[in-house]
Amino acid sequence: MNMLKVALGAATISLCLNSGIAEAQTRENFEIVAPDGYTIAADLALPDGWSEAVPVVLLISGSGPQDREASLFGGQYAAHPAWRNAFIEAGIAVMSFDEAGQGESGGNWSDMGIHDMVEIGQRLIMRARNHAAIDSDRVFVLGHSEGGMIASLISARDDELAGLVLVASPGRALPEVLEYQLRLNASEQTEDLAEQEEIFANLQTQWMGMIEQNATLLEAFHMDPLALAADIQSPVIILQGWSDWQVEPDQAWALARAIGEAGGSVDLHMFDDVNHLLIRDPAGQTEYENLTDFTLDAELLSIGVNWVLNASQ
């Protein structure tokens, strides 16, 4: 049965999130071996005092070299601690990892392809399922931006996943996404159309050169997110901000439609004034460094956590 449920604007929040000190947790550090033989450093955060096996969420960040905290801008922004604290408060374990060449992991990030990321994700999931504290039937994957494509590929290979949380995940081929972003960049630099075209051409040349030097981006560039969505075998929730200029809101609708038309179960939640970083940003600033508050939107976090709780019942 096709299931598409949409929530627009404000939604009822049944989980009380604490913006202060996180709930008590134990973090277990471990390593796995990546497909090319180098080590991936990771950790499992468990709610203290667990007496029964708990659900777990594997966090996968977006494009670019990321450590397990998904921190940017000199540490002002860190998405994964916010998700980790929210899930832990709800009694849900969280697994996160340093990508190749980042943090304590070996390897070279530029050489790590998207299929390598999928395999790393699968090995982390296997580790979680074999852990005494984890309920092997309640394993979820949360993917942000490009991480949503990786999560989709994992689900296509694993029909035992309990669910996917796709956050600001693309619903359009990446060449189209890149062209939109670069043209937006050019239009902000000048109103002259001829100059915009020249700026766009230069930016496109620069970006394509960078993409060709990075295995993950190059592989993702030749994938269709909607085709990936059609192969998802897990229930899905899509979380998307209306102020996201990197992944425009209509892409979330396209992604939800592709999942639903393939017979999947999908919830779509849109959030007013929330940008690609999941921060409240009514102005939709393209220069994130100008933001003064890097706190993730509490409503978005709550909706995501509550969905995982409900899917765990």
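This one's a predicted model, so the numbers in the text were calculated from it and none came from an experiment.
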field: Single hit among D250, V247, D224, L226 for side chain to side chain contact (heavy atoms under 4.5 Å, CB included) with R172
entry: D250
task: Find the distance between CD (E248) and OG (S243) and round it off to the nearest 0.5 Å.
output: 12.5 Å
- request: For a side chain to side chain contact (heavy atoms under 4.5 Å, CB included) with D281, tell me which candidate from L291, V274, D273, D293 qualifies.
  value: L291
Nearest atoms (heavy-atom pairs only) where S234 meets G163: CB-CA, 3.9 Å
Side-chain ion pair, E197 and R183, N-O less than 4.0 Å: yes
- prompt: What's the shortest heavy-atom distance between L58 and G121, and which atoms?
  reply: CD2-O, 3.9 Å
query: Do R68 and D43 meet the salt-bridge criterion of a basic N to acidic O distance under 4.0 Å?
result: yes
message: Under a 4.0 Å threshold between the charged nitrogen and the carboxylate oxygen, would R27 count as salt-bridged to E69?
response: yes
- prompt: Can you hop from M126 to M117 via hydrophobic side chains spaced under 4.5 Å?
  reply: no
- prompt: By ring pair (Phe, Tyr, Trp, His ring centres under 6.0 Å), which residues pair with H144, not counting sequence neighbours?
  reply: H276
field: Smallest separation among heavy atoms of E195 and T190, with atom names
entry: OE1-OG1, 2.8 Å
- request: With sequence neighbours left out, write down each residue that passes side chain to side chain contact (heavy atoms under 4.5 Å, CB included) with S136, or none if nothing qualifies.
  value: R129
